Protein chains: 2
Amino acid sequence: MRVDARLNRERILAAAEEVFGELGAQASTEEVARRAGVGVATVFRHFPTKTDLVEATLVRHFDDLVTHARMLAAAPAPGPALGDLVTAMVERGATKVTLANLLGAADQVPSGAADAARRLRDAVDAVLRRAQDAGVARPDVSVDELYFLVRGLTQAAAAMPVPTAVSRGAVRVVLDGLAAHR
Amino acid sequence: MRVDARLNRERILAAAEEVFGELGAQASTEEVARRAGVGVATVFRHFPTKTDLVEATLVRHFDDLVTHARMLAAAPAPGPALGDLVTAMVERGATKVTLANLLGAADQVPSGAADAARRLRDAVDAVLRRAQDAGVARPDVSVDELYFLVRGLTQAAAAMPVPTAVSRGAVRVVLDGLAAHR
DNA sequence: AGATAAGCGAAGTGGCGACTTCGGATCCTA
DNA sequence: TAGGATCCGAAGTCGCCACTTCGCTTATCT
């Protein structure tokens, strides 16, 4: 692969992240191309279909979070680690979710995204289990439920631009609900 | 207004609710017309713009919930009433939210929907305050936060068709977080 | 029952956005 | 540094979907 091609690919992904984050996932491919400073054809050469582009952006986001989660799985205090993870997912996931919506709308389930989602689920699972084993998270909550909650918070945050205080408060409520019974 | 016109209007609204609920808000107007058993022109005569149609469907949903909330505001037990309300909003709101997303995407904020949203907010507020006054809900939570939480749960439920057990579990976590500290 | 106005749907129209084509520019190799 | 392969973007094509037009149908009123 030529260096200019690789550079363009990077530029496109970065632009896609920006554009989809701001305009939502229904933003046109041309807007992404414009923002990346390339022609549409170049975008389509790298990502044959719009879904492919969205998927690639999604996988990127997911993998960032996976890295973060794996780090937290080794953190000294399991309780705060769980809290950190939830907060991070909510605050950094705004774009991710609108993208996921678009993918969900299409009938096809792109395998790449599904894999990334599974990786993330597993990483989150590890953090949750550790908190439960340490007795600081209620044991009757499954990853699926946690994941569901996080996704919900993220989506709400993405959909309505709301004062940070409100979303923080909402996260606090969820974390309290997650904590072991006092 | 002629009776057939009014009947068609009803049919269209019902179809819109169905279609948008199933296909998401990006479903075409023609699909709504087909499902309603009328021509597209009829749909556009009643709702000059697609946004108008979406808005009308939204307002309907909101007002249903407002009715429910007002009922619960007079229920004997304030704590369970709050729980009921949250559950109802999450379970019956699946379509509502995807619609709200579409509206949010457009730059315009249709005043009708905004009004309905405000009414709902107020009704929810009443239920929450009563639970707080009764000492069964933590006093440091605002309607905005509750609203945010509910919206999140609803959206998550709408986006990923997940076993009911999971969404129930998630709601339970939120309700526990909402409960007064034990 | 007949007039009339309101309502209806089949058949358009226009624009937007996903995707393609092709002649020219750019990078790497020998 | 010359040649060939790779990559690029301007200018399309094509289909879909929001919205309109217009001749016909149907309710309502007298």
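Since the structure is predicted, the reported quantities are computational estimates derived from the model, not experimental observations. Below, each value reflects all heavy atoms present in this structure, side chains not excepted, and no hydrogens, waters or symmetry copies. All chains are named by letter (A, B, ...) in the order of the sequence lines, taking the proteins before the strands, and each is independently numbered beginning at 1.
- A/F44 pairs by the side-chain contact (heavy atoms from CB on, under 4.5 Å) definition with A/T29, A/V40, not counting sequence neighbours.
- When rounded to the nearest whole Å, the span between CZ of A/R34 and P of D/dC8 equals 19 Å.
- A search for side-chain hydrogen bond (donor to acceptor under 3.5 Å, both in side chains) contacts involving A/R130 returns nothing, not counting sequence neighbours.
- As a whole-Å value, the separation of A/F20 CZ from C/dG17 C1' is 12 Å.
- The phosphate of C/dC19 has OP1 or OP2 within less than 4.0 Å of a side-chain N or O from A/T49.
- Evaluation of the salt bridge (charged side-chain N to carboxylate O under 4.0 Å, His left out) rule for B/R35 yields B/E18, B/E22, B/E31 as partners, not counting sequence neighbours.
- Whole-Å rounding puts the B/E55 CD to D/dA18 P distance at 17 Å.
- Under the rule for a salt bridge (charged side-chain N to carboxylate O under 4.0 Å, His left out), B/E30 has no partner lying at least two apart in sequence or in another chain.
- Looking at residues two or more places apart in sequence or on another chain, you find a salt bridge (charged side-chain N to carboxylate O under 4.0 Å, His left out) between B/R172 and A/D140.
- If you find the closest nucleotide of DNA chain D to B/A41 and to B/V3, the one lying nearer the 5' end belongs to B/A41.
- Residues that satisfy the salt bridge (charged side-chain N to carboxylate O under 4.0 Å, His left out) test with A/D125, not counting sequence neighbours, are A/R129.
- Phosphate proximity of D/dA18 to B/T29: present, with a side-chain N or O under 4.0 Å from OP1 or OP2.
- Taking atom CG of B/L53 as the reference point, atom P of D/dC17 lies 15 Å away to the nearest angstrom.
- Contact record, A/V141 with B/V173: CG2-CG2, 3.9 Å, taken as the closest heavy-atom pair.
- In this view, B/A27 and B/V19, B/F20, B/L23 satisfy the side-chain contact (heavy atoms from CB on, under 4.5 Å) rule, not counting sequence neighbours.
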Could you write nucleotides 1-8 of chain C as a row of B, S and -, 5' to 3', where a protein heavy atom under 4.0 Å of any base atom gives B, of only sugar-phosphate atoms gives S, and otherwise -?
-> ----BBSB
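- Rounding to whole angstrom units, CZ of residue A/R11 and C1' of D/dC7 are separated by 13 Å.
- B/D84 has its side chain out of reach of B/V127: every pair of non-hydrogen atoms, C-beta onward, lies at least 4.5 Å apart.
- Rounded to whole Å, the distance from NZ on B/K50 to C1' on D/dC16 is 12 Å.
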Scan nucleotides 12-14 of chain C against the protein and return all N/O pairs shorter than 3.5 Å with their distances rounded to 0.1 Å.
none

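- Atom CZ in A/F44 sits roughly 5 Å away from atom P in C/dC19 (whole-Å rounding).
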